[in-house]
Amino acid sequence: MRSYHGRCAIATLSQEFAVLPHGSQRMTVRTRFAPSPTGYLHIGGVRTALFNWLFTRRQGGQFLLRIDDTDAQRNVEEALAPILHGFRWLGLHWDEGPEIGGPHAPYYQSQRLKRYQEEVERLLKSGAAYYDYATADEIAAERLEAEREKRPFVYSRRYMAESADEQSRFEKEGRKRVVRLKMPREGTCVIQDHIRGRVEVQWAREQDHVVQRADGTCLYHLASVVDDFDFEITHVIRAEEHLPNTPRQVFIVQSLGYGLPQYAHVPYVAAPASKEKLSKRKLDKYLKMPDFRKLNEHGAAIAQAIGIGTSADTFNPVIVDFYEQVGYLPDAIVNYLVLLGWSLDDKTEFFSRQQMVDSFSLERVNSSPAAFDPKKLWAFQDHYMKGLPPKQKVAMMLPFLQRAKLVSSPPPCEVGPLLMRIVEAAGDRLKTAGDIIQYADFFFLDLPRYESDAVEKRLKAPGVAERLTRFRALLATVAPWTAAALEEAMNRFIAAEGIAIGDIIHAVRVAVTGKTVGPGMFDCLELLGKERVEGRLEEGVKMAGTA
RNA sequence: GGCCCCAUCGUCUAGUGGACUAGGACACGGCCCUUUCACGGCCGCGACACGGGUUCGAAUCCCGUUGGGGUCACCA
């Protein structure tokens, strides 16, 4: 029997010294992110993609997108669209891949079947793979037996057919064949990983994995390795759940005579306050945590106001889309994500895209999983929102008002300047673009939506109706109608009444805006205009009177 | 269960043998500012999982224990 010790020596050597595949002297760094078209972009996936992107930009290389659709899906284009959209939204541009093509097109595995077939044949010819005629049940039975005997399972190769005779014999029995890897059964596979260091596994623990199905289609591991070679990928930076798959890929790489890429297995993003992998399907569980629930509810309120669905399948803080729909800033998301598992030093927390590119390195990626923290994400969003010029806030927020049917499309021409004033008055209160709906709806409605709690608390109290009536009367004398003049009038009013400002202003706010919270009171009054303020105060008096 | 990975405040992290009475950020608590809500300012709470080594000296290196996690497909 052939010894595979030699192989692993090669594995180690080629990784440490032959950094570049194909023996070329100066190959630029090339990385890839390989989504399968699932219809959504996972927050953990995008973090891995971000690391790839940053590393590549830093090295002046090319970042590509390859579509792992070997599992024959129907609507690849449809399921891919949200993913590509997410990449563009975040500003993670790919140099080659879907929609833009490139020298190695096509970048869809489903369109590269011929290449896989060629390589399967080479594997077969060299003896690194074999036809296997076992049924799934027969394999399962062997596995069960091994488990019963408490020994690690390795396939007996009972239905392995390496000669034409054996093949025809099995075929006469009516058996179907798959192609399996003939994995080494002694020696050690050594993986040099940029994040995890040296990882060793016994070849004997590896299975004879299937690389080609009975129908001739190939599986991920084979396709992935062939593509990485064809696309001249130099660095495979991927989630750590792929680490256990790496030996079989190393075996394929070496059997096919390719050079090994550099590997870097980044830890997965964990669920809030846990070490478990963040999963879209566990939303219910996360919603039991107050922080996560708040994040979700904030988004859901906006989604509801603009009439988009909130089913967990499409609207979910684990999916990147969520943040765009609610009106988060890509820079905030990216800055938050880059710090999830990577840091530059003990103090730098805000990075422009360029700074990120300039300072990123795989060596500083942490080797333990980092938990997704809604509060921290929120803090980054807060920070970037504060730095955004009002003009840009207006541009972001107008579409939300339109979708909420508060402003028509195209908007009346007075809306632009008004919205600018509102945004300025609201200041740091607007944390996401979608917040504009809650903070400004009353500017665009004939009458505010009166919140019952607010009415209860601030209007339905003894003396409020009379006080509002007297304050309303005073308004006739206010000129010019400015926040400053209004404040001055209010001060005169409380002095005359002998009350504190708190005894009147809350009632005015609720009467005029329908809520207890909002931008500066006097700004609201000014922007609303005298007529509407007077009308709403009357409305407030009515509600207060029915106490 | 086998194999592999991981382990510093609640969370993200700094720390690569002495500058560590362990630093920063978010969160949290208190106070101040304040018409609300935000913002801002000040102060505070808070961690090296455990046990053995190695060393003059260990958060840092080694071993073990415990705990957590990933993965074990004719999915990707």
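A note on names: the letters A, B, ... follow the listed sequences, proteins ahead of strands, and every chain is numbered from 1.
- Rounded to a whole Å, the CZ atom of Arg364(A) is 10 Å from the C1' atom of U16(B).
- Arg509(A) and Thr513(A) share no donor-acceptor pair across their side chains, judged by distance under 3.5 Å alone.
- The pairing partner recorded for G40(B) is C32(B), the criterion being a Watson-Crick or G-U wobble arrangement whose two distances lie under 3.5 angstrom.
- Under the rule for a side chain to side chain donor-acceptor pair (under 3.5 Å), Asp523(A) has no partner lying at least two apart in sequence or in another chain.
- Using a 4.0 Å cut-off, no side-chain N or O of Arg177(A) falls inside it from OP1 or OP2 of C74(B).
- The cationic atom of Arg180(A) (NZ for Lys, CZ for Arg) lies less than 6.0 Å from the six-membered ring centre of Tyr155(A) and within 45° of the ring axis.
- Val178(A) comes within 4.0 angstrom of a base, heavy atoms only.
- In this pair, Tyr328(A) and Trp378(A) present their aromatic rings perpendicular. The plane angle is above 60°, beyond the 30 to 60° band.
- Among the protein residues, Ala134(A) comes within range of the nucleic acid bases, having at least one heavy atom under 4.0 Å from a base atom.
- Counting to the nearest Å, the C1' atom of G1(B) and the CZ atom of Arg143(A) are 13 Å from each other.
- At the heavy-atom level, Val508(A) lies nowhere under 4.0 Å from the strands shown.
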Which atoms of nucleotides 44-46 of chain B (N or O only) lie under 3.5 Å from a protein N or O atom, and what are those distances?
none

### Task
Sugar-phosphate means primed atoms, P, OP1 and OP2; the rest is base. With that split, encode nucleotides 21-31 of chain B 5' to 3' as B, S or - using protein heavy atoms under 4.0 Å.
--BSBSS----
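- Ring orientation note: the planes of His209(A) and His221(A) are tilted relative to one another, at an angle of 30° to 60°.
- Judged as a side chain to side chain contact (heavy atoms under 4.5 Å, CB included), and not counting sequence neighbours, the contacts of Leu344(A) are Trp342(A), Thr348(A), Phe351(A), Ser359(A).
- Residues of residues 218-226 of chain A having a heavy atom closer than 4.0 Å to RNA chain B, listed by number: Leu219(A), Tyr220(A), His221(A).
- Residue Arg180(A) places no side-chain N or O under 4.0 Å from the OP1 or OP2 atom of A73(B).
- For the pair Asp208(A) (side chain) and Lys182(A) (backbone), a donor-acceptor distance under 3.5 Å is absent.
- For the OP1/OP2 pair of C12(B) and a distance below 4.0 Å, the side-chain nitrogens and oxygens of Ser343(A) include no atom meeting the criterion.
- The nucleotide U55(B) finds no pairing partner, because no Watson-Crick or G-U wobble arrangement with both distances shorter than 3.5 Å includes it.
- Between Asn245(A) and C75(B), a side-chain N or O to OP1/OP2 separation shorter than 4.0 Å is absent.
- Phe360(A) and Phe51(A) have their aromatic ring centers within a separation under 6.0 angstrom.
- The side chain of Val210(A) lies closest to C74(B) when the candidates are C12(B), A76(B), C74(B).
- Two residues, Pro152(A) and Leu339(A), neighbour RNA chain B, and the one matched to the more 5' nucleotide by heavy-atom proximity is Pro152(A).
- Residue pairs meeting the salt bridge (charged side-chain N to carboxylate O under 4.0 Å, His left out) criterion with at least one member in residues 270-279 of chain A, sequence neighbours excluded: Glu241(A)-Lys277(A), Glu276(A)-Lys282(A), Glu276(A)-Lys285(A).
- Ring geometry, Phe380(A) versus Tyr384(A): the interplanar angle falls under 30°, so the pair is classed parallel (tilted spans 30 to 60°).
- Side-chain proximity of Lys386(A) to C39(B), U71(B), C4(B): nearest is C39(B).
- With G70(B), C6(B), A76(B) as the choices, the nucleotide that has an atom nearest any side-chain atom of Pro244(A) turns out to be G70(B).
- If you measure from atom CG of Leu337(A) to atom P of U13(B), you get 12 Å, rounded to the nearest angstrom.
- In this entry G70(B) has C3(B) as its Watson-Crick or G-U wobble partner, both defining distances falling under 3.5 Å.
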Between protein and nucleotides 34-38 of chain B, what N or O pairs are separated by less than 3.5 Å?
unit_1 : atom_1 : unit_2    : atom_2 : d
U35(B) : O2'    : His506(A) : ND1    : 3.4
U35(B) : O2'    : His506(A) : NE2    : 3.1
U35(B) : O2     : Arg509(A) : NH2    : 3.3
U36(B) : O2'    : Thr516(A) : O      : 3.0
U36(B) : O2     : Thr516(A) : O      : 3.4
U36(B) : O2     : Gly518(A) : N      : 3.0
U36(B) : O2     : Gly518(A) : O      : 3.4
U36(B) : N3     : Arg509(A) : NH2    : 3.0
U36(B) : N3     : Gly518(A) : O      : 2.9
U36(B) : O4     : Arg429(A) : NH2    : 3.0
C37(B) : O2     : Arg429(A) : NE     : 2.2
C37(B) : N3     : Arg429(A) : NE     : 2.9
C37(B) : N3     : Arg429(A) : NH2    : 2.7
C37(B) : N4     : Arg429(A) : NH2    : 3.3
A38(B) : O2'    : Asp428(A) : O      : 3.2
A38(B) : O2'    : Lys431(A) : NZ     : 3.0

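- For the side chain to side chain contact (heavy atoms under 4.5 Å, CB included) test, residues two or more places apart in sequence or in another chain that qualify with Glu200(A) are Thr188(A), Val190(A), Arg198(A).
- Cation-pi geometry between Lys515(A) and Phe442(A) is not met at under 6.0 angstrom from the ring centre and within 45 degrees of the axis.
- Summarising the geometry, the separation between NE2 on His194(A) and P on C5(B) is reported as 17 Å, rounded to the nearest angstrom.
- In this structure, CD of Glu206(A) is placed 17 Å from P of G2(B), rounded to the nearest angstrom.
- Remark: Tyr450(A) pairs with no residue by the ring-ring contact (aromatic ring centres under 6.0 Å, His included) rule, at least two apart or across chains.
- With a 6.0 Å radius and a threshold of 12 heavy atoms from other residues, nucleotides or ligands, Arg421(A) has its CZ atom at or below the threshold.
- Annotation: side chain to side chain contact (heavy atoms under 4.5 Å, CB included) contacts of Glu487(A) (sequence neighbours excluded): Asn491(A), Phe522(A).
- Atom CD in Glu142(A) sits about 20 Å away from atom P in C72(B), given to the nearest Å.
- The same atom, C1', is picked in C61(B) and in U54(B); the two are 8 Å apart, to the nearest Å.
- Note that Arg177(A) lies in the cation-pi zone of Tyr131(A), set by a 6.0 Å cut-off to the ring centre and a 45° limit from the axis.
- The aromatic ring of His242(A) sits over the base of A76(B), with ring centres less than 5.5 Å apart and planes tilted by under 30°.
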Check the interface with nucleotides 61-69 of chain B: list each N/O to N/O pair with the protein under 3.5 Å, or write none.
unit_1 : atom_1 : unit_2    : atom_2 : d
G69(B) : O2'    : Tyr268(A) : OH     : 2.1

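- Partner assigned to A22(B) is none, using Watson-Crick or G-U wobble distances below 3.5 angstrom.
- Rounded to an integer number of Å, the gap from Glu138(A) CD to A73(B) P is 17 Å.
- As a whole-Å value, the separation of Trp342(A) CH2 from C12(B) C1' is 13 Å.
- With sequence neighbours excluded, the residues forming a side chain to side chain contact (heavy atoms under 4.5 Å, CB included) with Val533(A) are Leu475(A), Trp481(A), Val512(A), Leu525(A), Leu528(A), Leu537(A), listed by chain and number.
- Nucleotide C50(B) forms a pair with G64(B), judged by Watson-Crick or G-U wobble geometry with both contacts under 3.5 Å.
- A donor-acceptor contact closer than 3.5 angstrom is absent between the side chains of Tyr107(A) and Asp227(A).
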